[in-house]
Each structure stands twice: as structure tokens, then as C-alpha cells.
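Computed from a prediction, not measured in an experiment: that's the story for all the values here. In what follows, chains are A, B, ... by sequence order, proteins preceding strands, each numbered from 1. Both backbone and side-chain heavy atoms feed into the values below; hydrogens, waters and symmetry mates do not.
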Amino acid sequence: MASQEVLREAPSRASLINDPKVRSIFYQCLVVALLVSGVWWIVHNTIVNLTNLHIASGFGFLKGRAGFDISDTPIAYTSDSTYGRAIIVGLINTLIVAFVGIITATIIGFVVGIGRLSKNWLIQKICTVYVEVFRNIPPLLVIFFWYSGVLAVLPTPKESIHLPFGSFLNQRGIYFPRAIWGDGSWLILVGLLVGIAMSWFVAQKAKQRQMATGQQFPVFWTSLALIVGLPLLAYVLSGFPVTFDFPKQSTFNLSGGFVVKPEFLSLYLALSFYTAAFISEIVRAGIRGVAKGQSEASAALGLRSGQALRLVVVPQAMRIVIPPLASQYLNLTKNSSLAIAIGYPDLTATTGTVLNQTGQAVECVVIMMVIYLTISILTSLLMNWFNAKMALVER
Amino acid sequence: MQEHDMSWVRTEMMLAQPAPAGVTGLGAWVRKNLIASTGDTIMTIIGIALVAMTLPQIINWAFINAVWTGPNRTVCATVAQGGIQPDGWSGACWAFVNAKFGQFMFGTYPIEERWRPILVGILLVVLMVPMLMPSVPRKGLNALLLIVGLPVVSFFLLVGGVFGLEHVETARWGGLLVTLSLSFVAIVVSLPLGIVLALGRRSKMPVVKMLCVIFIEAVRGIPLITVLFMASVMLPLFLPPGVTFDKYLRALIGVSLFAAAYMAEVVRGGLQAIPKGQYEGADSLGLGYWQKMYFIVMPQALKLVIPGIVNTFIGMFKDTSLVTIISMFDLLGIVKQNFADANWASAQTAKSGLIFAAFVFWLFCFGMSRYSMYTERRLDTGHKR
């Protein structure tokens with residue numbers, strides 16, 4: 001008892017300067033003081049500068065008339081719309097390119113990553129060359145390559161390249177036939193939703209039955225039939241309501257159809273190809289991280305190599321793959337801001353235009369930062385949830 | 001008796017039989033690696049088709065049909081486009097790269113002063129090569145010269161204005177000079193800054209920890225372009241009226257801070273991997289905080305994360321190309337700017353220029369990644385479990 005008291009009292013005998021607690025508090029106070037004075041200095045300067053420039057601070061400017069046009073507008077937008085709406089258009093464009101890019105990059109990345117582990121020498125080498133080339137080149141350069149090197153030197157609209165299904169390819173982008181949804185086409189959507197719901201139901205039942213009896217049910221083919229068949233049935237029943245507006249070639253231009261512009265195309269292709277190289281490395285590391293005994297054991301159980309990969313190796317590899325995959329998805333989303341270099345109106349580009357027109361530098365940069373940070377946090381939350389779902393269930 | 005029994009035992013080892021013909025030679029290699037199964041054979045055929053479709057075209061374009069020298073765009077354009085090449089010709093316009101090579105390296109740095117960046121480049125190579133070779137002694141002095149001496153000397157050499165050297169504004173710098181100098185300084189600044197941030201993030205002082213976490217997470221959450229925007233648009237607002245910053249310096253600050261946040265996370269990974277016993281051991285030896293970090297923790301932690309650090313360097317090197325967007329002319333920016341030169345405008349110009357730039361970037365990045373793999377192997381003490 002006595003010795004404990006001595007121990008407890010020991011620190012008080014040390015000099016105040018050498019007490020770690022006092023020191024820590026002192027350092028923290030110092031940091032806070034420095035920070036506060038630094039921030040105060042910056043804020044003071046900014047206020048002085050803004051008054052000199054006659055710029056009113058605050059977010060009121062968002063309600064002003066934008067007065068500039070945006071080339072890709074997923075939602076209704078004209079130059080009469082507000083600055084706020086222009087920024088929202090930019091945000092939606094960012095999300096579109098990020099979403100499509102993530103899907104494509106994941107597919108290419110998985111194919112190449114598995115290809116690099118292939119026993120086939122040729123496939124392995126092709127995949128290695130792909131990864132080593134794209135990993136070591138700046139993404140901006142890849143974007144420029146697609147934009148000025150490939151898409152800009154395509155033929156003029158007059159000499160468009162004909163693609164299957166009535167599509168065209170020229171300097172101004174790819175022209176697809178546009179579907180026109182006539183009366184009764186809502187039935188198709190209903191068919192699709194019902195199909196998805198029923199497939200999910202079938203999958204649950206099949207799993208229960210397999211757990212109970214060991215009998216398997218062809219879930220994949222049934223789901224495919226449901227998801228494709230039901231909308232098709234609805235299409236026929238409602239009397240073929242969907243027609244297509246094919247792009248028509250006139251003397252100088254193509255009219256009609258659905259146009260994918262070269263700006264979007266080059267950004268999308270470059271981001272997908274670039275990120276796919278990194279994803280493939282992650283996938284490769286993930287699959288190699290699964291112990292060899294696992295694939296040997298599944299072979300011993302009589303699984304074919306495809307089954308072994310699907311049922312044993314990949315589920316375990318996913319646990320290694322998901323966290324770095326999430327950060328690659330975030331990278332792709334952030335890299336989509338490179339759109340500004342080729343004039344695709346993403347968040348950075350439209351906010352940049354707003355900034356130049358209004359001079360509200362602080363507000364615009366804050367808006368950009370807040371939106372990107374929100375996207376980052378939401379993505380990491382989603383991926384954390386998915387990661388927790390995939391994590392090893394231990395007894 | 002024993003002798004008699006053992007008499008039939010061979011006294012020398014029998015030579016190994018050669019492997020059966022089925023498992024050696026080219027035929028066996030092809031069987032094993034290309035046509036092991038039906039699926040494999042199909043994949044091989046697809047692969048061969050892919051290579052056969054692309055490779056001859058690439059070789060034709062880049063070498064056989066390429067134009068290596070020429071005075072202007074006519075050598076790279078077909079007759080229909082106003083040039084001398086036959087219709088339907090498609091080849092690389094290396095003549096463009098050749099003619100603009102000086103610009104691609106130095107931007108619009110005055111031609112009679114170009115010996116200065118060249119001298120800096122030579123100094124860099126002279127200091128870098130022995131630094132990278134493990135067998136060369138005096139690493140400490142070498143590192144000091146490289147990290148402190150070289151930037152100071154280069155600053156005076158490149159900017160000028162002293163010792164009778166003509167002053168060259170940074171606005172006239174360009175090309176590989178900007179790419180390399182930006183990334184070199186960013187590397188030199190971001191590593192120590194990243195270490196400090198990582199230590200701060202693991203600090204026991206809540207205020208310091210919180211500040212570091214906020215900085216790291218905020219910077220990692222936003223794209224570099226936003227950071228560069230901030231550096232180029234907001235930095236002037238933050239300073240007292242009348243004080244202006246060089247544009248190059250603003251980009252440098254932006255890139256360095258951005259890289260430091262990523263570096264901090266890499267270093268933190270290394271710090272977390274060091275067993276607690278190491279920290280406690282250092283404490284029990286009576287080492288102070290900085291001594292503990294400098295002598296015990298950091299050498300082990302940094303060694304663990306060399307691949308991560310080099311990856312960050314590579315990422316940063318590639319990211320310097322983004323300064324193009326805030327209208328600075330790094331290698332990519334100057335190549336792109338030259339597309340507008342009417343003297344060289346042709347269908348092949350953009351592609352050739354960009355592929356040249358891509359090749360230069362690729363050489364540096366690939367070199368860095370290979371060197372990091374070599375270092376990793378060399379430093380591997382075999383303690384991995």
C-alpha cells in the first residue's frame with residue numbers, strides 16, 4: 001500500500017518542465033495559438049482583398065443568372081438558369097462519368113488481373129504489357145491521346161463510319177439510335193422490376209432448398225429468363241410501343257439519334273483504361289493472397305477449376321480486394337475532374353466557370369471541396385458496409 | 001563376409017537420365033504454356049489474333065511509315081491534306097518531335113542560356129547515380145548534396161539574376177525542366193512533411209492529432225485540380241494586398257502539400273506495422289521521443305513502406321502533368337501547346353507528340369518502379385513471417 005502511494009506521488013517531484021503532461025499541454029496550446037493567429041491573418045487578408053475587389057461574400061450569387069451554356073446537360077438547363085443549377089449539372093455529369101467508368105474499369109481490371117495469373121503464356125504477357133503501359137503514364141495524357149490523337153482525327157460527319165445497328169462514328173462522337181418510349185411502355189419497366197424481384201425470390205428459395213436437401217436449382221438461367229423474358233413479354237403484349245429514332249445522314253451533318261460526345265468518350269475511355277490497370281494489380285494480389293491449399297482442397301473435393309474459382313477462391317480474394325478497390329473507385333471519381341482539360345462540363349469545370357464569372361473564389365472552392373469530400377465519405381461508407389458483409393464470418 | 005555381401009553396390013552416383021522428350025524442348029513448352037486444354041487453345045488463338053491485328057500496325061506506324069526529319073508539316077501530310085505523302089498514308093510524325101525537341105525539354109527558356117538547365121541536369125545525374133548504387137560509399141554526404149545542395153545551386157542557376165547570370169522568369173520555364181524540377185522539389189518536401197504528419201496523426205496530443213487527421217483526410221478527399229485551383233486562385237487572396245506569388249511557386253506548394261497527405265498515410269502504415277515492443281524497448285533505454293523515432297522506429301518503418309513511398313513518388317511525378325490545366329507548360333503542356341503551331345498541324349502531329357511525351361513519362365515511372373523492386377529485394381532482411 002505504501003509503495004503504491006510513493007509511485008503515485010512520484011511525478012509531482014519532477015520539475016514542471018520535464019513533466020510530460022505539462023509539456024504536452026504547452027505544445028498543444030502553442031499549436032492552437034499558432035493556428036488561430038494564422039487563420040486570423042488569412043481571414044483578415046481575405047476580407048481586405050475582397051473589399052478591395054468589391055466582391056460580396058456569401059452564397060447569394062448561386063441564385064444569379066448563369067449566362068453560359070453547357071454542352072452536356074442531363075437535366076434541363078439553359079443559359080437563363082441559375083449558377084446553382086449549373087453546378088448541379090456539373091455534379092451530375094461527374095457522377096455519370098464516374099459511375100460508367102467504375103463499371104468498365106472493374107470489368108477490364110478483373111479480366112486483366114485474372115489474365116495475368118493465367119497459365120497461358122501469351123495471355124499473361126499481353127496483360128502484363130497492358131498493365132505496365134497504362135500504370136506508368138499520366139491519366140491526363142491518356143485523355144489527350146483519346147481526344148486529340150484518336151477522336152479528333154476521325155472522319156467528318158459527311159464521311160461518317162457506319163457501325164452496326166444504324167450507328168455512326170465521326171469527329172463529333174458516336175451516334176446511336178434513340179429509343180422512343182410510346183404509350184404503354186411503362187409495362188416493360190414493370191416487367192423488368194417484377195423479373196428482378198422474382199429472380200431474387202427464386203435465388204433465396206433455391207438457396208434454402210440446397211441447404212435443406214443438397215439439390216441445386218439452375219438459378220442463373222431462371223433469373224436470366226425472368227429478367228429478359230418478362231420485359232420482352234410486356235413489350236409484345238403492349239403492342240410494340242418502343243420505336244427507334246435512327247440517326248440520318250444529311251449533306252453536312254447527322255441528325256437525330258442519341259449522341260455520345262467525344263469529350264465524354266475520351267474521358268470515359270481514358271479513366272476506365274487507366275484505373276483498370278491498377279484494379280488488375282489489386283485483383284492479382286487478392287487472388288495470390290488466397291492460400292494455395294484452398295484451391296488444392298477444392299480440386300480434391302472434385303470442383304472444376306471454374307467452380308473452384310467462383311465458389312472458393314474469389315469469395316476469399318474479395319476480402320483482400322475490397323479496401324484497395326474502394327480507394328481506386330475514389331481515385332477514378334477524383335480523376336474525373338481532369339474533364340476540365342478537354343472541356344467536358346463536370347463539377348470542377350462548371351464550378352471553375354462560375355468562379356471566373358462571379359469572382360467568388362472562396363465560396364466556389366468551398367463548394368467543390370464539400371461536394372468531393374461528401375462523395376468520398378459516402379463511397380467509403382458504402383464500401384465499408386460491403387466490406388463488413390464480405391468479411392470472414394468466424395464462429 | 002560383409003565385404004562379400006556389399007560387393008555389388010555401386011561406388012559412384014549414377015548420372016541422371018535426360019528428361020523424356022515429351023517434357024523438354026519447344027514442343028513441350030508450347031503444349032504446357034499455350035495449348036494445355038481446349039479453353040487454353042482458344043485463348044491462345046484469340047491472343048495471337050489480337051497481337052497480329054495490333055502489333056504490325058503499331059510497328060508500321062511508329063517505325064516503317066514514320067517520318068523522322070523534315071522542315072514543316074508537308075512531310076507529315078498526305079497529298080490531299082496539302083503534303084507530300086501518298087493518300088491513305090499513316091505514320092508517326094517524329095519530324096515534329098525532332099523540330100520541337102528543344103522546346104519539349106526547356107520550354108521557352110532562352111536558347112543561349114540553355115546550358116544552365118543542362119548543367120543542372122548533369123549535376124542531378126552525377127549526384128543521383130552514386131546515390132542509387134548501393135556499393136558507393138559516403139551516402140550521408142551524397143544525400144546532403146542531393147537534397148540540400150542541389151536545390152540551392154539549381155535555384156541560382158535556373159532563376160539567375162546573381163553572379164552575372166541573366167534573370168529568367170519561371171514563366172519561361174517549360175517542358176521536361178518543369179516536370180522534373182516540380183516533382184523533385186515535391187518529393188524532397190513531401191517526404192519529411194509526410195513523416196511529420198504521420199507522427200502527428202499517431203501523437204497522443206489530441207489537438208495535434210485532430211489537426212493532422214483533418215488535413216490528411218481533407219486533402220486526400222479532393223482532387224489535385226481543386227488543390228491547384230486553390231493554390232492559384234485563393235492563395236493570392238490569403239496574402240496581404242500587394243504581395244504576389246510566382247505561379248510556379250504556387251503550383252509547387254499545391255503539389256507538395258497534396259503529396260504530403262498521401263505520404264503521411266503511407267508512413268503511418270509503416271509506423272503501425274512496427275511491433276509495440278520496439279517502442280517500449282526504446283523507452284526502456286531512456287531515449288526521448290525524437291531519439292526513439294529517429295534511431296529505432298523510423299528506420300524500420302520506412303524500410304517497410306519503400307514500395308508505398310515509391311508509388312507515391314510515381315503518382316506525384318504523373319500528377320505534375322496536371323499543372324497544364326492551370327496553364328503552366330510542363331512536358332505535357334508544351335507538347336499540347338505545340339499542336340496549335342500551324343507550321344506542323346497535321347492528322348499525325350497530336351498522336352506523335354503525345355506518344356513521345358507518354359514514352360518519356362513511362363521511362364521515368366517504369367524506372368522508378370523497377371528500382372523500388374530492386375531495393376525491396378536488397379533490403380529484405382528475411383524477417384518476414
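Of the atoms belonging to L122(A), heavy atoms from both backbone and side chain fall under 4.5 Å from chain B. Heavy-atom distances place no part of T349(B) under 4.5 Å from chain A, backbone and side chain included. For chain B, the nearby part of F278(A) is the side chain; its heavy atoms alone come within less than 4.5 Å. Heavy atoms closer than 4.5 Å to chain B are found nowhere in I25(A), neither backbone nor side chain. Both the backbone and the side chain of V362(A) come within contact range of chain B, with heavy atoms under 4.5 Å apart. Of the atoms belonging to I42(A), heavy atoms from both backbone and side chain fall under 4.5 Å from chain B. Only the side chain of I340(A) comes within contact range of chain B, judged by heavy atoms closer than 4.5 Å. Neither the backbone nor the side chain of V227(B) comes within contact range of chain A; no heavy atom of the residue lies under 4.5 Å from a heavy atom of that chain. Proximity to chain A is limited to the side chain of F339(B), based on heavy atoms less than 4.5 angstrom apart.
Listed by sequence position, T348(A), G352(A), L355(A) are the residues of residues 347-356 of chain A in contact with chain B, using a 4.5 angstrom heavy-atom cutoff.
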Dump the intermediate steps for side chain to side chain contact (heavy atoms under 4.5 Å, CB included) on V208(B) and Y27(A), then the final yes or no. CA-CA 9 Å; V208(B) 174; Y27(A) 286 136; 5.9 Å; no

Should M230(B) and M369(A) be marked as a side chain to side chain contact (heavy atoms under 4.5 Å, CB included) after you check the CA-CA gap, both sets of side-chain angles, and the distance that decides it? CA-CA 10 Å; M230(B) 225 160 94; M369(A) 284 180 65; 3.7 Å; yes

Decide yes or no on side chain to side chain contact (heavy atoms under 4.5 Å, CB included) for N33(B) and N120(A), but give the supporting numbers first. CA-CA 5 Å; N33(B) 292 307; N120(A) 190 318; over 6 Å; no

With side chain to side chain contact (heavy atoms under 4.5 Å, CB included) as the test, would you mind laying out the steps for F145(A) and I355(B) before giving the verdict? CA-CA 8 Å; F145(A) 181 77; I355(B) 286 184; 3.8 Å; yes

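Of all heavy-atom pairs between L140(A) and S321(B), the closest is CD2-O, 3.4 Å. Considering every non-hydrogen atom in both I123(A) and G47(B), the closest pair reads CD1-CA, 4.4 Å. In this structure, N45(A) and F238(B) approach most closely via the heavy-atom pair ND2-O, 2.8 Å. For Q28(A) against M205(B), the heavy-atom pair with the smallest separation is NE2-CB, 3.2 Å. Between A358(B) and I137(A), the shortest heavy-atom contact is CB-CD1, 3.9 Å. Heavy-atom minimum distance, K334(A) versus Y262(B): NZ-OH, 2.8 Å.
Contact annotation: the side chain of F361(B) never approaches that of N136(A) to less than 4.5 Å [non-hydrogen atoms, C-beta and beyond].
Atoms OG and NZ, on S24(A) and K204(B) in that order, are 10.0 Å from each other to the nearest 0.5 Å. Distance check: L239(B) CG to W41(A) CH2 gives 5.0 Å after rounding to the nearest 0.5 Å. The CG atom of L322(B) lies 7.0 Å from the OG atom of S337(A); values are rounded to the nearest 0.5 Å. A distance of 11.5 Å separates CG in L141(A) from NZ in K336(B), rounded to the nearest 0.5 Å. Atoms CG and CH2, from L354(B) and W146(A) in turn, are 12.5 Å apart once rounded to the nearest 0.5 Å.
Judged purely by atom type and a 3.5 angstrom limit, K318(B) uses its side chain to pair as donor or acceptor with the backbone of R135(A).
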